[in-house]
Amino acid sequence: MLPENGRSTEDLLAELARLKEGDLPVREGRVAAYVYDPGRPHVREAGRRAYLEMLEVNGLDPTAFPSTVALEGRVVGAVAAVLGGDAGTPGIFTSGGTESIMLAVKAARDSWTPPAAGPGAEGAGGPRDVPEVVLPVTAHPAFRKACHYLGLAPVTVPVDPVTLRAVPSAVAGAVGPRTALVVASAPSYPHGVVDPVPEIAAIAAGRGVPCHVDACVGGWVLPWLEGAPPFDLSVPGVTSISCDLHKYGYAPKGASVVLFAREGLRRAAYYASADWPGYTVINSTVQSSKGAGPLAGAWATLQALGASGYRELAAEATAAADRLRAGVADIPGLRVLGEPDAPLVALASSDPEVDVFVLADEVARAGWFLQVQLSYAGIPPNLHLTLTGVSLAGVEALLEVLADAVAAVRGRRPDLPGGLAGAVEGLDLSAVDDRGFADLLSAVGVTLGGPGGSPTAAVNTILDGLAPAAREALLVRFLSVLNSPHTP
Ligand SMILES: *Cc1c(COP(=O)(O)O)cnc(C)c1O
């Protein structure tokens, strides 16, 4: 509630500290997703102070605040120089991977011309004037979201069932007269696998179609590793690439870059409107008014670490991932999915007696957070870890926790609250309001709004048994209830 009279800063900060008590820890590497701790206090300090320095500057109007143009030029230029571009490579600083991808998809859409009417013009499913995006199933949902928001149709292709890499021939088979964009990941977030970018980009180029490389997670770790597969703008046929600085760039959140091979593509990502009686709008991003804090924070973090700092962090993250994979090979009941090329690892069960959802809960009790990934397209349920620079120091402890947890959960099944599965099965969501859904959850023992956030094995088991559309409907309802006044 809004207080009648203003409160003191100390009071407010104390309240924030209390609120954060239920959060996962953001440092030290025991949370294997969401957070990227450089483990170097002076780097965090540089990012934080630069962020605060630019907090009140508005990136809405680059002519009013030329500092934002200068900073964006520096950040985009630094990223382009590492990712196969040069000083003239056009790019945009965005709030995150989703926004970078949204802009790459918009650029592709606005550069696309529908095929002439005639045989074959209908494409994979839909009218002639709906452009398509060809996506390996491992591509990030941000592309589906962009398609949903921007009126394109996703066309998915399977990946190799063993390596989990996109299959060029399958991509080639999916490219049609309505294809506006082909996507490859470097790497895919779920399994850390880099798609064969040169082959996929060549297929796209051969058909006159743009190719986006999603290097949101890998774009600032792969370049610092020896022998990483080719993936950047130097690969012929790659027309845009996204790289999140708030992931392996270790910058404060709200920082990503999308680069384009041609300036016309960047212009197609822009938006302008002079169609109202107010100030003329010219935006490079989805956001309009925006603080310059994230931009300054990213710039300062890049400068504070430098190439040698990133090389060290990437080597440490990779050493942690290598040690994890080697250690997991010695834990009966666990296996690594696919062939990861980056320090992201997905652990699946190799023993029907070991349930990964139960394992996730057991590991959480020991103070470690691993990210649950539900089964999809023939890929089994698994636990994801994004290893960072600080992970190396804790990897032996993590392996011990994993070995003990696997032994402890062997033979244990998820503890499904009585009637939960049946209740979900027979549930007509359209007939239940948020309060009803909240009551249902608490009736079967699912707590909302408390600390510890992550769903339990029971909830994951239920979700895992559902088709994606049913999972989505439940998740939307869950989020709505989580944010509703009916939540305790
Ligand atoms: C994180 C990620 C995204 C989305 O980025 P946000 O910053 O969370 O919006 C897209 N693609 C990949 C591969 C990612 O890892």
Side-chain angles (χ1 to χ4, degrees), residues 26 31-36 75 79 83 91-106 108 133-150 154 156 159 164-166 181-195 197 200 211-223 228-229 231-232 238 240-259 269 285-287 290 293-295 297-298 301 314 317 321 337-338 340-346 371 373 376 379 382 384-388 479:
V26 296
V31 175
Y34 307 121
V35 291
Y36 296 76
V75 171
V79 172
L83 294 185
I92 302 174
F93 182 84
T94 76
S95 64
T98 300
E99 193 175 27
S100 287
I101 287 167
M102 192 77 70
L103 295 177
V105 172
K106 177 185 176 317
V133 178
V134 174
L135 292 175
V137 292
T138 47
H140 194 277
F143 291 97
R144 291 178 177 277
K145 185 174 180 180
C147 287
H148 182 75
Y149 281 25
L150 298 170
T156 52
V159 295
L164 302 181
R165 257 182 209 98
L181 187 65
V182 169
V183 172
S185 303
S188 70
Y189 178 84
H191 319 110
V193 167
V194 176
D195 288 334
V197 172
I200 291 174
C211 173
H212 181 83
V213 173
D214 180 6
C216 280
V217 75
W220 217 242
V221 67
L222 293 174
F231 72 98
D232 65 16
V238 173
S240 55
I241 185 168
S242 46
C243 170
D244 291 355
L245 296 176
H246 63 202
K247 289 180 180 160
Y248 284 105
Y250 297 93
K253 286 282 186 276
S256 176
V257 165
V258 56
L259 300 174
T285 58
V286 178
Q287 290 184 301
K290 55 186 175 189
L295 174 58
T301 307
L337 284 180
D341 305 289
L344 299 97
V345 177
Q371 197 173 40
Q373 303 188 128
Y376 183 77
I379 303 168
N382 59 87
H384 170 103
L385 296 98
T386 298
L387 287 312
T388 65
L479 184 62

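When reading the values below, keep in mind they use all heavy atoms of this one structure, side chains included, and skip hydrogens, waters and symmetry mates. Ligands are counted one by one from 1 in listed order, and the atoms in each one are counted from 1 as well.
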Margin query: Would you call the rings of His384 and Tyr189 parallel, tilted or perpendicular, taking 30° and 60° as the class edges?
Written below: parallel
Notebook entry, point to check: Distance only, no hydrogens: is a donor on one side chain within 3.5 Å (strictly under) of an acceptor on the other, for Lys290 and Thr285?
Noted result: yes
Next item on the list: Determine, considering heavy atoms only, which of Lys253, Lys145, Glu99, His140 sits nearest to atom 10 (C) of ligand 1.
Entry: His140
Notebook entry, point to check: Hey, which atoms in ligand 1 end up nearer than 4.0 Å to a heavy atom of Asp244?
Noted result: 1 (C), 5 (O), 7 (O)
Check: What atoms of ligand 1 come within less than 4.0 Å of a heavy atom belonging to Tyr189?
Finding: 15 (O)
Next item on the list: Between Ala142 and ligand 1, find which residue part has any heavy-atom pair under 4.0 Å and reply side chain, backbone, both or neither.
Entry: neither
Note to self: I want to check something: taking the side chain as every heavy atom from C-beta on, are Pro223 and Asp232 in contact at a cut-off of under 4.5 Å?
What the structure shows: no
Next item on the list: Look at atom 14 (C) of ligand 1 and say which protein heavy atom is nearest, naming residue and atom and giving the distance to 0.1 Å.
Entry: Lys247 NZ, 2.9 Å
Notebook entry, point to check: Counting heavy atoms only, which of Ala215, Pro187, Gly97 comes nearest to atom 5 (O) of ligand 1?
Noted result: Gly97
Margin query: Ignoring hydrogens, what is the shortest heavy-atom contact between Ser256 and Asp244? Give both atom names and the distance.
Written below: OG-OD1, 2.7 Å
Next item on the list: Compute the minimum heavy-atom distance from His246 to ligand 1 and say whether it is under 4.0 Å.
Entry: yes
Check: In terms of atom number and element, which parts of ligand 1 are under 4.0 angstrom from non-hydrogen atoms of Cys216?
Finding: 2 (C), 3 (C), 10 (C), 11 (N), 12 (C), 14 (C)
Item checked: Flag side-chain contact, heavy atom, 4.5 Å: Arg165 against Asp341 -> yes
Check: Looking at Asp214, which atoms of ligand 1 are within less than 4.0 Å of one of its heavy atoms?
Finding: 10 (C), 11 (N), 12 (C), 13 (C)
Checklist line | Contacting atoms of ligand 1, where contact means under 4.0 angstrom from a heavy atom of Gly96 | finding: 7 (O)
Next item on the list: Verify whether one side chain among His212 and Ser242 offers a donor that lies under 3.5 Å from an acceptor in the other.
Entry: yes
Notebook entry, point to check: If you take all heavy atoms of Leu135 and Arg144, which pair is closest and at what distance?
Noted result: CD1-CG, 4.2 Å
Item checked: Close-contact set for ligand 1 against Thr98 heavy atoms, below 4.0 Å -> 4 (C), 5 (O), 6 (P), 9 (O)
Notebook entry, point to check: Do Tyr250 and Thr388 have side chains that get closer than 4.5 Å, going by heavy atoms?
Noted result: yes
